Amino acid sequence: MNAVDIIVKKRDGGVLTKEEIEYMVMGYTEGSIPDYQMAAFLMSVFFSRMNDMETRALTAVMRDSGDVMDLSAIEGIKVDKHSTGGVGDKTTLIVAPLAASCGVPIAKMSGRGLGFTGGTVDKLESIPGFRVSMSSDQFIRQVNECGIAVIGQTGHIAPADKKIYALRDVTGTVENLSLITSSIMSKKLAAGSDAILLDVKCGSGAFMKTQEDAEALAELMVSIGNSSGKVTAAVITDMDQPLGRAVGNGLEVREAIEVLKGLGPKDITELSVNLAGLMIFMGGRAKNEADGMKMAQEALTSGRGLAKFADFVEGQGGDPAVIHDHSLLPQSSVEMELTAKEDGYVESIDAMRIGMASQHTGAGRERKEDDVDLSAGLYLHRKAGDKVKTGDVICSVYGNNVKKVEKALEEAGNAVKIGEVKKEAGTLIKKIIR
Ligand code: URA
């Protein structure tokens, strides 16, 4: 077997065997296949595509390239939740405590933000003292005692994906169904939970721009999850405009706390209750999905979800006083406002551009090794469909560097379109795939 023959076979539309896929993936991970050959291979997959059997084989090889977590020491059905990446998506911070307060153990491995999308680990680190690294014994103890633990991604989980994803990022080969599926599912299958709920984003701020593409991705991931022995479901949700109003790490933690107090924006509250309800059902704590949603809503209304969030923060070394005192979160020194130049209605707020604006403030990173400004980001005072008058503040932009905030303000200006006619925002939850 050699790499050139495999590249040529895929380039010419051939179907690869499991052994050929394993040869490429493991050769690259271990260093015997160089970047240029793997880049050519990825591009050949991008154009010639893989069929379902090849995608399944690719996912399994990537899963087995590192450790597969054993969470059997945690009692109950462990349910993991994964979002394919969005702007302002802080649902994990809300959904995890809601589901855990209803008895579903959450043992979660999360990533950092890259490019225009944020990451749960960065968000949690904006809470003073919060630790995302711990030994596997501590991790299991925290889940058994508190019901939730969130740790950062380790190099031992699906190392093949870590290396291949970095290469895809710089070779224009991210947006391919098989490559996205295998990347996400290899990590989820290795992370050890019994059930997986996927939030597949669709729209301008997502990898999948159309509902059709998002459904194809969701169906393939659900099928691979289920055939690998994990109960898997997916929710297709809108990412045409940012979720909620806050974008940026500390700002998003603050908004998540508001949601858990019952004071958050409608869209993120609705999505969080739905996702938590599905997780409660998948975790065997409700007799059907509708019952799960009711339990999630009750956990929110009663404040049990908020109390669980406080336990979780304290359990991982963070200061739970942030719940009542937002001034404990990182504070920025520069604030600028984007105002409406005309009367009308907010027609659209491009999620990807807002994500890029947030990155310009310093809230996101351009390269993996960059630091992030945990206080920086944007707050949307208006969302699509809202009426505005000239001079009204549409969004506030925060940071600690005037030039960066100015650049972000300009990008935010490009993201917002004002029109004369009120347009209703699209449905938030488009479909559930089981
Ligand atoms: N998220 C991932 O982890 N991998 C992809 O390929 C796309 C989104």
Side-chain angles (χ1 to χ4, degrees), residues 21 24-25 28-29 38-39 41-43 45-46 49-50 54-56 58-63 65-66 69 80-89 91-92 108-123 150-191 193 196-210 213-222 224-225 228 230 232 234-237 239 243 351-352 355 359 364-365 368:
I21 291 171
M24 288 306 296
V25 171
Y28 183 60
T29 310
M38 195 59 183
F41 175 73
L42 292 169
M43 194 54 90
V45 170
F46 188 91
R49 309 216 177 130
M50 279 184 159
E54 291 173 291
T55 310
R56 279 170 208 280
L58 179 62
T59 308
V61 169
M62 283 166 59
R63 174 197 62 201
S65 66
M69 299 269 287
D80 197 356
K81 176 236 153 213
H82 181 82
S83 156
T84 57
V87 177
D89 186 357
T91 48
T92 294
K108 195 161 169 43
M109 198 173 278
S110 285
R112 294 187 183 277
L114 185 62
F116 68 89
T117 57
T120 302
V121 162
D122 294 324
K123 293 172 201 188
V150 177
I151 51 166
Q153 201 94 45
T154 76
H156 312 300
I157 295 287
D161 175 63
K162 208 169 178 190
K163 214 170 161 193
I164 294 172
Y165 193 61
L167 189 63
R168 285 168 60 209
D169 216 19
V170 293
T171 54
T173 51
V174 170
E175 296 92 346
N176 172 271
L177 192 70
S178 298
L179 298 179
I180 297 178
T181 297
S182 55
S183 165
I184 293 176
M185 291 310 289
S186 60
K187 286 176 289 206
K188 292 289 111 183
L189 295 174
S193 283
I196 304 164
L197 178 61
L198 301 159
D199 179 0
V200 179
K201 302 289 182 196
C202 130
S204 73
F207 288 117
M208 296 294 154
K209 306 289 174 208
T210 66
D213 286 349
E215 278 182 30
L217 176 64
E219 269 161 20
L220 188 54
M221 290 198 293
V222 167
I224 289 180
S228 308
K230 313 270 180 189
T232 309
V235 185
I236 313 278
T237 66
M239 192 32 74
L243 190 58
M352 189 185 296
Q359 193 181 345
R365 35 174 95 65
K368 275 208 186 81

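Remember, it's 1-based here, ligands and their atoms both numbered in the order they're listed. Because the structure is predicted, anything quoted here is derived from the model rather than measured.
Nearest protein heavy-atom neighbour of atom 8 (C) of ligand 1: F207 CE1, 3.4 Å. Closest protein heavy atom to atom 1 (N) of ligand 1: I184 CG1, 3.8 Å. The nearest protein atom to atom 3 (O) of ligand 1, hydrogens excluded, is given as K187 NZ, 2.5 Å; this is a heavy-atom distance.
At least one donor-acceptor pair under 3.5 Å links the side chain of S65 to the backbone N or O of M62. Judged by distance alone, the side chain of K188 and the main-chain N or O of D80 form no donor-acceptor pair under 3.5 Å. For R168 (side chain) and T173 (main-chain N/O), a donor-acceptor pair under 3.5 Å exists by modelled atom type.
For the ligand labelled ligand 1, residue I180 lies inside the 4.0 Å heavy-atom shell.
Residue contact check: S183 has heavy atoms under 4.0 Å from atoms 2 (C), 3 (O), 4 (N), 5 (C), 6 (O) of ligand 1.
For the 3.5 Å distance criterion, the side chains of K230 and S193 fail to qualify, holding no donor opposite an acceptor. Side-chain polar atoms of S204 and K209 form no donor-acceptor pair below 3.5 angstrom.
Annotation: H82 places no N or O atom under 3.5 Å from an N or O atom of ligand 1; distance criterion only.
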